[in-house]
Structures are given as C-alpha cells and as structure tokens.
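The chains referred to below are lettered A, B, ... by the order of the sequence lines, with proteins before strands, and numbering in each begins at 1. None of these values were measured; they are calculated from a predicted model.
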Protein chains: 2
Amino acid sequence: MNINKNHAVTAQDVATKAGVSRAAVSRTFTNNGSVAKETREKILKAAQELGYQVNFLAQGLNRKRSQLIGVVVARLSDPFRSRLLEGLLSEIQNKGYQALVTEIGNPKDLEETIRRFTQFRVSGVVVTSGQPPTGLVKECVQHNIPVVGINRHMDIKDVDFICSDNQMGATLAAQQLIDSGCHKLAWLNYKESTWSGVSRGEAFRNAIEQKQAEQVLNLIQITALQDGYEGGRSAAKLFCRSDERVEGVFCANAQLACGFLDGMREEGFDAPRDFHLIGFDDTELTAQYSYRLTTIGQDIEETAARALSCLEARGRDATTEPRFEVVPVKLVLRNTSPALFC
Amino acid sequence: MNINKNHAVTAQDVATKAGVSRAAVSRTFTNNGSVAKETREKILKAAQELGYQVNFLAQGLNRKRSQLIGVVVARLSDPFRSRLLEGLLSEIQNKGYQALVTEIGNPKDLEETIRRFTQFRVSGVVVTSGQPPTGLVKECVQHNIPVVGINRHMDIKDVDFICSDNQMGATLAAQQLIDSGCHKLAWLNYKESTWSGVSRGEAFRNAIEQKQAEQVLNLIQITALQDGYEGGRSAAKLFCRSDERVEGVFCANAQLACGFLDGMREEGFDAPRDFHLIGFDDTELTAQYSYRLTTIGQDIEETAARALSCLEARGRDATTEPRFEVVPVKLVLRNTSPALFC
DNA sequence: TCACAAAATGAACACGTGTTCATAGTTCTG
DNA sequence: CAGAACTATGAACACGTGTTCATTTTGTGA
C-alpha cells in the first residue's frame, strides 16, 4: 500500500488518493468548514486505507497551541500525590489531551520546566507542587497559557485554584473527635508545612474554639521535624517522652498520621484504645488492616475535573475572573476513631 | 521590549535585532554548522534580551522527531509503579527530554494512546504496563520509534527489554529462607499474574529444587484471587482455614506480601514469630514499622537509566540487535525474615 | 427559467524551524 | 605568491497542517 515505508503518510497523500484537494482533507478531520457528505466519505476511506493520522506537531504549530497539558508534580512516592496524578491523567486523556508530566526535585529546575511547557505551546498547566513557582507561573500567564493550582493558594493574578475543603474537613474531624468524648486534642503538622497543612490547622483551631463555648476543650500542637511517615513516627516518640497527654489527634496528612500511629505503637500506645486519630487524605495505605485510619477523604475525581474545566474556560477567554473553588470532603470512618452508635 | 505582546518572539526577530540571517540563529542554537564567535555572541545577547525560546513544535516538525518520550503506565496507585515512574521522569528530564505520560485503564484505550505518541513524533516509548500491547508496539516499530519494555518480556522484533534479575532475587530469597531454617516453603502469586510474577515463581521453584539436593524441602503454591494488598490478605485468610502449614513465604510483589502479612495477623499469626516472609519490590510501605518487610529491592535508577540508554541507542541506529538486559537486585533484610548471626 | 443564497471546493498563505547549497572571505601550504 | 582547504554566511527549500478567500456548484423560491 504505502510505497515509501520511511515516508509518513500525509494529508496530501490522502487528498491525492481520494481525488480531492488537501484542504478538503483538513476540513474533514477538523470538522471545520463544510464538506459534502460523499466527499467526506471518500476521504475517510482513503485515510483509513493509507493509515493516515494527523501530525500533531504541524497542527500545533499552525494553531499556535498543542493538545498538551503540562502537569507539575513533586514527591510521587507520596501515595496521595500519585493518586492525584492518576486522577489528573485520567481526566486529561478523557478530554482528548495528552499529559506532559514533569517532576521537580529542587525548585530551581522548575524554571526550565515551565519554559519547556511554553516551548511546546501547551494548552494549560496544572501545578500540584507544594512549593509555589510564582515566577514561572507568571511567565505562563504572560504567554497566555492557562494555569490552575491544586490544593495551594497563590496570590497571582489570572490563575485559578482548586482546593479541597479544608475548613469542612477540619470541622468534621473536630466534631468526630469531640463526639467521641475527646477533650484533650492535638494538631500534628510538619514544621515547614505546605499551604494545605497550615490551612487545615487553622480551620481545626477555629472549629475547636467554636466548640469551646459548649464544653471545656484543650488543644495543643505537635510539630514534626520531618515530613511524611518518618516525621510522624519520630514526632510520636518525642511526644511520648514528654509528660503531655492527649485523647484525640488530627494530622495534616495521611503519611504523618500513619507514622504517628506506628510511633505511638512502638511506645506501647494504640488507637483507638488509648487515643483517637484522624488523618487527611484517604489513600490505599490508610485503608489497610495495619492502620485502618479514620481520615478525611478528598474527592480526587471532582478535583481533577474542575481543574480541567478551569483550564478550558480560561483557554476560551483569558480574561475570566479568577476562580477559587472548594471541593467538598467526606469523613471516612475506620478503626482509629470509630463510628458512634448513639 | 516586545512591541506586539501577542506575537511570540521568533528566530527571525532575533536575527533582525542581531543584524544577521535567521539561519545563523538556528545554527547558534543547534550547535550545528559553524558560526563566528562574535556573531554567536551577538545572537545570544539579542536572544537573551528578547526572551527568545525555540518553538519545539516547529523544531520537531522539521526534524521529524520531537524531544518527547512516551511513557505507558498502569495502576499508579501501586507504590512500586509510582516509584518507577518517578525514576523514569527523573532520568528523562536529565537527558533533556520531556515525558508524555499515559495511563491505560482498559487495554483497548492503549491503541489510541500509542497512536497519539506517534502523532507527536516521540523519540521513544517506555512501556511499564503489565499487559502487553503487542499490536501497538509493532506499530511503533513500523514508524521507526524505539520502544523499550520494563519488567516484561515480549516476543517482538526490534524491541529492547530491561528487567530486574528475577532469577537472582528468587535465589536470594530462597537462600535466606532456607538459611533461616525454613523447610516448608510457599510461593504466593496472583492468579493472573504479570510476566514478572510468573518469572519470579519459576526462578524460586528452580532455586528450591536445586537446594533439595542438600536437604529435604517442601514447596507449595498459594494463589491469590485478587491482585494487590487485598488479594494477599484474603489469600492469607483462606490459607489459614486450610490445614496447610508453612514456615517461609515468598511473594510476587510487595503489595501481596503486605496484604498476606496483615491477613495472617488477623488470624493470629505473625512474622517472624510464626513464619518468615519475603516480598519483591522495596517500597516505602514495606519499610514502615507496621510491616518491616524483608524484600528484594529493585534498582530503579539503574533500570531507568538503561531504558533511556536503549532508546537512544536504537534512535541512532534502528537496526541494533535487540537487547534483553538484566538489572541486579539486592536482599533488603528487615523484620519478617531477619538477618542471621552466624 | 431566472435570480439569488448557500454550500462546496481548491489555490495560496502562514506557522517557525533545520538544513542544504552556493558564495564570499580567510587561513594554510609548498 | 598561487592555489587549495577551510570557515562563515545568507538565500531557499522542506516539514505538514489550518484557514482565508475567491470561485464554482448546488439548491430554492418566484
């Protein structure tokens, strides 16, 4: 069929075979402009037989925009991060785009990364990194590339944000702990936490303060010197060596929570026997038998869907009013703070 | 500086500003052809001031090859998969490429996926999926796109493979279990396992058979009806209800192993008290206090590096002899089968 | 049948780059 | 010093597509 094997079949080939002009082929595949029904059929048949497929590079060059969407991720080893990426990939592909994924190690790489995005004329950029790449995001905006941030509020003009409802999550956690009879509460977070963590902590404090009108409650803060599982574990050990006592703990994320639980176990304490524990982010890990952690579950599919919706909206009209959308969360009751039977 | 804000600065702009031809600009940025030292400096200065950056779409169109590398992943929620992706991303970026990541849910999506890769004229494709996309891989080969598979042997012409040393891993595991005094051994795998799993099982059986010359050993097979953590857990429960007894278990992957351990715990057994347990894949999860699983650790960085090396080699010369490279693994001793003090 | 609107079509341009080719300038060599 | 070898440079073409703009064909109502 294809005489020259090394020559990728082009729209011209299809046009020649179908006996029409190349413009007609282009119109057929973009559904742009009008083309007679039988002509379209001839073209589609010829394309099918030749195995024609549009060259996205040429298409993007012409349209000044590719079907690519840049995704900035960090620390994929964190289960929540990888689940979020999974959700984003799924959504991106469903909408007919392709994901250009970049992991940033040290922040200085990020400049080059975003630059590459613009060089590929991406249709949009999703930033899931905790560290805010302010300068580069501005560069994108300047290049007219829509940007959306996830779980991270940045004070940048013309950028949208999707965020899980930290307020709601913290309130649910506070409610559950208090209803379970906890009076001495703790908030566990990493020392140099991301914005999400800080935001959840503030919301938790507010929720507790509000409840203090009804009953006497005590809130202390436990600070982890590392992030992730190990951070939570050493925080627990340190905490046990102090003479503090606590009945209910709320953690900034699931990794910290699992680590904290394991650290407490090493010291002879366990949940829910000796204290209640609630984490943020409902990952596979938290559901496992060894943890069975009660958590605040984020709606990843909804988050991803809204992120892409933002990108598309801003792609159509760059002057859209910046959105700051909040996605509802839910309380997932498991063993470390079990359901109440009233 | 830039008069027309909506007009991306092009090589022609740089040429005009520097008072040279556009060809000189191209030569400067590609290090192709010769350009006088002072001319180059003029051009670089002008480019710097204008903020010029090469349009990768145009470049790719011309070169018939983009700086993109397609990565096919599946089940990112599996910690090992996401760590592998992390390693690949890092290597891809270090080599100056960009990753086009696609997650495939059901296998029928994969055809369209690979088609998209070819439409973007990727420089190579990395397949990490367990399911073998034979047809599409062939399509890539036909389009002269290098393909490399990871941890999956496929019988396809002109495709390279990188694989962790399952033979070595299984032998190390057998040695450790036997040296620890286990005589009744079991191999746990998912019913419809990937090639990796099957390969590890065969190697384990071989290793045991070899050892049987010296002492009497017993090997049974435990089959999980699901994959992943839950598969391991239910397999353990089922196993306990049988009257079989076992002293050392080797699992096809870490998720199965963690699940199996938790399942056994639910039934009142624990490792290493009642049996020894070794898994494959050393992930963050296995290191955590609640599991402290002895595992076979894969060298992800090395695997990723070799994968890219294969792609580049085949990119230079498509007729290279197909490689099947084996990456050494190591035994990571932890609690479920502790180190021996001889 | 005619006038006119609407649909269909192809020629031509634009997108931004890499690379070949011929030419002018420069250095080397015997 | 003449010729050769080499470096530097710009004009021109190719890459494969989308889209505009005339032009031709078709359809419609009177």
key: Check against side-chain contact (heavy atoms from CB on, under 4.5 Å), B:L100 and B:I69   = CA-CA 6 Å; B:L100 210 55; B:I69 287 191; over 6 Å; no

task = Looking at every strand, decide which applies to B:T10 at a 4.0 Å heavy-atom threshold: base, sugar-phosphate, or nothing.
result = sugar-phosphate

key: Nucleotide of C:dG18, C:dA8, D:dA11 approaching A:S34 most closely (side-chain heavy atoms)   = C:dA8

inquiry  = With nearest nucleotide decided by heavy atoms, which residue, A:G33 or B:A11, maps closer to the 5′ end of DNA chain C?
reply    = A:G33

note = What one should report as the nearest heavy-atom pair of A:A11 and A:Y52 is N-CE1, 3.3 Å

inquiry  = Does D:dG10 have its OP1 or OP2 closer than 4.0 Å to a side-chain nitrogen or oxygen of B:S21?
reply    = yes

message = With a 3.5 Å cut-off and heavy atoms only, can you find an N or O donor on one side and an acceptor on the other between the side chain of B:R27 and the base of D:dG10?
response = yes

request  = Could you tell me whether B:R306 and B:E302 have a side-chain N and a carboxylate O separated by less than 4.0 Å?
outcome  = yes

query = Is the distance from OP1 or OP2 of C:dG18 to the nearest side-chain N or O of B:K64 less than 4.0 Å?
reply = no

key: Closest nucleotide among C:dG18, D:dT17, D:dG16 to the B:Q59 side chain   = C:dG18

task = Tell me what B:T30 touches on the nucleic acid: a base, only sugar-phosphate, or nothing, going by heavy atoms under 4.0 Å.
result = sugar-phosphate

task = Please work out if A:A36 contacts a base, only the sugar-phosphate, or nothing of the nucleic acid, heavy-atom cut-off 4.0 Å.
result = sugar-phosphate

note = Checking D:dG18, C:dT17, C:dT19 against the side chain of B:N32 (C-beta onward), the nearest is C:dT19

query = So what does B:V54 hit on the nucleic acid, given a heavy-atom distance under 4.0 Å: a base, only sugar-phosphate, or nothing?
reply = sugar-phosphate

query = Is the shortest distance from a Lys or Arg side-chain nitrogen in B:K42 or B:E38 to a carboxylate oxygen in the other one below 4.0 Å?
reply = no

message = With nearest nucleotide decided by heavy atoms, which residue, B:G19 or A:R22, maps closer to the 5′ end of DNA chain D?
response = B:G19

query = Considering only D:dT19, D:dT17, C:dG10, which nucleotide approaches the side chain of A:V20 most closely?
reply = C:dG10

query = Quick one: is B:S26 getting a side-chain N or O under 4.0 Å of the C:dG18 phosphate, OP1 or OP2?
reply = yes

request  = Ignoring hydrogens and angles, answer whether the base of D:dG16 and the side-chain atoms of B:R121 contain a donor-acceptor pair closer than 3.5 Å.
outcome  = no

query = Quick one: the side chain of B:N55 and the base of C:dG16, do they pair up donor-acceptor inside 3.5 Å?
reply = no

task = Would you mind classifying the nucleic acid contact of A:Y52 as base, sugar-phosphate or nothing, using non-hydrogen atoms under 4.0 angstrom?
result = sugar-phosphate

